[in-house]
Participant: 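Below is a structure I'd like to ask you about.
Each chain gets a letter, A, B and so on, in the order its sequence line appears, and its residues count up from 1.
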Amino acid sequence: MIRVSFLSNLINGISLGSVYAIIALGYTMVYGIAKMLNFAHGDVIMIGAYISFCVTQYLGLPAWVSVLASMLVCTLLGMTIERLAYKPLRSAPSLAVLITAIGMSYFLQNIAQLIWSANPKSFTSVVAFEPLRLFGGKLIVTDEAIVTVLTCVVIMICLTLFTEKTKMGKAMRAVSEDKGAAQLMGINVNMTISVTFAIGSALAAIAGVLLCSSYPALMPTTGSMPGIKAFTAAVFGGIGSIPGAMLGGILLGIIEIFGKSYISTELGDAIVFAILILLLLVKPTGLLGKKVNEKV
Amino acid sequence: MKKKNNKTFISNLITYAMVIIAFVVISIMQEQKLLSYSAKQLLVPVCVWIVMAVSLNLTVGISGELSLGHAGFMCVGAFVGAVLTIITKKTIDNEALRLIIAMVVGGVAAGLTGVIVGVPVLRLRGDYLAIVTLAFGEIIRNVLNLVYVGMDQETGALAFGFNNPNLPGKLIVNGPQGVQGITRISTFTMGFVLIIFALIVVLNMTNSRAGRAMMALRDNRIAAESVGISATKYKLMAFVTSAVLAGMAGALYAMNYSTVTGAKFKFDTSILVLVFVVLGGIGNIRGSIIAATVLTILPEMLREFSDYRMLIYAIVLIMVMLATNSPAFKQWLDIAKEKITGLFAKKKEKGDTANE
């Protein structure tokens, strides 16, 4: 029996971790290229979930259409935010950009509150097939968990191929390495940053839909805590590194679920943060982060 | 050299004068009953947020370390201070004295937490430091959510419990419900005293040998270390001082309400204080004071827009950041200024020729 509950926790952890990983990918890509912490990322997740909710609930369209619609809206939203709020500040001190991102986060939360009110909406899951029953029905793997993990793996593979094989991906890596040199090589830096935001926001939309499929209460503040956790995951894995975000996200999800079920429900978050601190003290750039040598 | 000292002296004098004049004016208005109820409610919070902003400016502005967990120290100060006032209610009659003791002990407790957090954390740099301070802030809040303290009504004996509410006596700290049954003894005068205290500490520290060492470390850590400035020592000094002041502000804040819960000191609160610091100008103490005052009052002023209030707040925040930092916007502003002055100049010229 103990083994079954352990497995069930592990599956929940991996499923939650996959959501964190998808969000963390957005954080880490934007950080790698624009060197900014995009605090509004968590709120893009929330907007994505709301769009999907509206499309299925009010327009009565099938779930896959709603996911596509929310990806489209979030992509446009991400690019607009970048164009209006972050692009004018490209040469400004990083703290100024951070505060602007925080302002953007407030803005999105309040817009959502005006449109959809602060009352939680109950999100209907976008996946609806029979959950998997193993060990004679003792271990139930929910359909959401299966889809979440699969999506995460597919996204990971696509993103790796994209950054390694395509021209745009190469441009992204070049910009994250050295903006000035990339520009001299004829790379359109602004366009590259824009595309990064677009990809990050589209991923955020998927993450929002998956998150709310597993945890159905949808509110204007739904995105903020997963956003912070995913940011923690990105740092955990080494910020700026795509496999790092993936690894960090999944580890963090597992730690959170195990902490909550074996140690204390209330201390779940504290355990996650404590492990992050311990890791950073031993390895200050995260699990897979590159050590940057200081130049004098 | 002499001249420069004079300049900072005058600048500091202006800061003190500003606070004192504001205090005198508001006190007179209060005497004359010119303040509305909601304005009076704002007095202590404004003082608290000013102290928070000034103290965070020491870490972020002077020492140059981005901290996102400042509310954690405030939380420690608030809990310790609040519990202390409840315990000493029978032994110390004088409310002001009780408040001062609570603030001092709250500050010391927050300072100790600052040492515990600071020693390991200050080894990290930049964004990593930011995320770890954020993590510590959340841990402090999460742990305090599980603390229970019971007090026997007669003997005053205390019983502590962790994640265990079954304690003898009446619960004064009740886990997620926080500290209950606080007497509201915070006053505007005490808030003013705390602001002046914080200003004396921060301004003197900035203009001392230690402050110069901190700024040198901020501007170029390697160069500063190579001339023998200990990075750990001065960074820790700034961090702990700032934690002590935040703890004192927390105690003052707690005593302004009848209950205080951990939920009030979330990550959002740390961000709010950071917004004050950045909007006021990083490293500029006077700016912090003004920004904290304006941004605490602004949401109340916008109350008539009710639903749109926080939306407007967000837009104002973004616009201010764009206006003060975007080169394109600055250029546009310069051109506009030139055009206006040009217009005036032309008119003047025309007027001159007409006179001839």
Participant: Look up atom CG in B/N142 and atom CD1 in A/I271, then write down how far apart they are to the nearest 0.5 Å.
Facilitator: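 It comes to 9.0 Å.
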
Participant: So what's closer than 4.5 Å to chain A heavy atoms on B/L322: side chain, backbone, both or neither?
Facilitator: both

Participant: Of the backbone (N, CA, C, O) and the side chain (C-beta and beyond), which part of A/L281 lies under 4.5 Å from a heavy atom of chain B, both, or neither?
Facilitator: both

Participant: What part of A/S91 gets closer than 4.5 Å to chain B, counting heavy atoms only: side chain, backbone, both or neither?
Facilitator: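 Side chain of A/S91 only, per the 4.5 Å heavy-atom cut-off to chain B.
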
Participant: Hey, mind stepping through B/E138 and A/D269 against side-chain contact (heavy atoms from CB on, under 4.5 Å) and telling me if it holds?
Facilitator: CA-CA 8 Å; B/E138 289 295 301; A/D269 293 351; 5.6 Å; no

Participant: B/A314 and A/G103: which non-hydrogen atoms are nearest, and at how many Å?
Facilitator: CB-O, 3.6 Å

Participant: Would you mind checking which part of A/L114 comes under 4.5 Å of any heavy atom in chain B, side chain (CB onward), backbone (N, CA, C, O), both or neither?
Facilitator: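 When you check distances to chain B, only side chain atoms of A/L114 fall under 4.5 Å.
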
Participant: To the closest 0.5 Å, what do you measure between OG (A/S224) and CD1 (B/I271)?
Facilitator: 11.0 Å

Participant: Does CZ in A/R173 sit with more than 12 non-hydrogen atoms of other residues, nucleotides or ligands closer than 6.0 Å?
Facilitator: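 Enclosed: over 12 neighbouring heavy atoms sit under 6.0 Å from CZ of A/R173.
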
Participant: Would you find more than 12 non-hydrogen atoms of other residues, nucleotides or ligands less than 6.0 Å from A/E177 atom CD?
Facilitator: no

Participant: Could you measure the distance from the CD1 atom of B/I318 to the CD1 atom of A/I81? Nearest 0.5 Å is fine.
Facilitator: 8.5 Å

Participant: Taking every non-hydrogen pair under 4.5 Å, which of B/P120, B/S226, B/A135 racks up the most with chain A?
Facilitator: B/A135

Participant: Which distance, rounded to the nearest 0.5 Å, do you find between the CG of A/L276 and the CD1 of B/I131?
Facilitator: 6.0 Å

Participant: Can you tell me which portion of B/V316 sits under 4.5 Å from chain A's heavy atoms? Options are side chain, backbone, both or neither.
Facilitator: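 Neither the backbone nor the side chain of B/V316 comes within 4.5 Å of chain A.
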
Participant: What's the separation between atom CG in B/L274 and atom CD1 in A/I99, rounded to the nearest 0.5 Å?
Facilitator: 4.0 Å

Participant: Hey, which residues of residues 259-270 of chain B are touching chain A, say heavy atoms under 4.5 Å apart?
Facilitator: B/F267, B/D268

Participant: Under a 4.5 Å heavy-atom cut-off, does chain B meet the side chain of A/L98, its backbone, both or neither?
Facilitator: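 Just its side chain gets close to chain B.
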
Participant: If you look at every heavy atom in B/V132 and A/L280, which pair is closest and at what distance?
Facilitator: CG2-CD1, 3.2 Å

Participant: What heavy-atom pair brings B/M321 and A/T100 nearest, and what distance separates the two atoms?
Facilitator: CB-OG1, 3.4 Å

Participant: So if I take each residue of residues 25-40 of chain A and look for any heavy atom under 4.5 Å from a heavy atom in chain B, which residues do I end up with?
Facilitator: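 Those residues of residues 25-40 of chain A which have a heavy atom under 4.5 Å from chain B are A/Y31, A/L37, A/F39.
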
Participant: Measure B/L66 against the heavy atoms of chain A and call it side chain, backbone, both or neither at under 4.5 Å.
Facilitator: side chain

Participant: Distance check, rounded to the nearest 0.5 Å: A/F273 atom CZ versus B/I140 atom CD1?
Facilitator: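 Separation between the atoms: 12.5 Å.
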
Participant: Is it the backbone or the side chain of B/L279 that comes under 4.5 Å from a heavy atom of chain A, or both, or neither?
Facilitator: neither

Participant: Could you check which of B/N145, B/V277, B/I282, B/I139 has the highest count of heavy-atom pairs closer than 4.5 Å to chain A?
Facilitator: B/I139

Participant: Count the heavy atoms belonging to other residues, nucleotides or ligands that lie under 6.0 Å from CE of A/M191, then report whether that count exceeds 12.
Facilitator: no

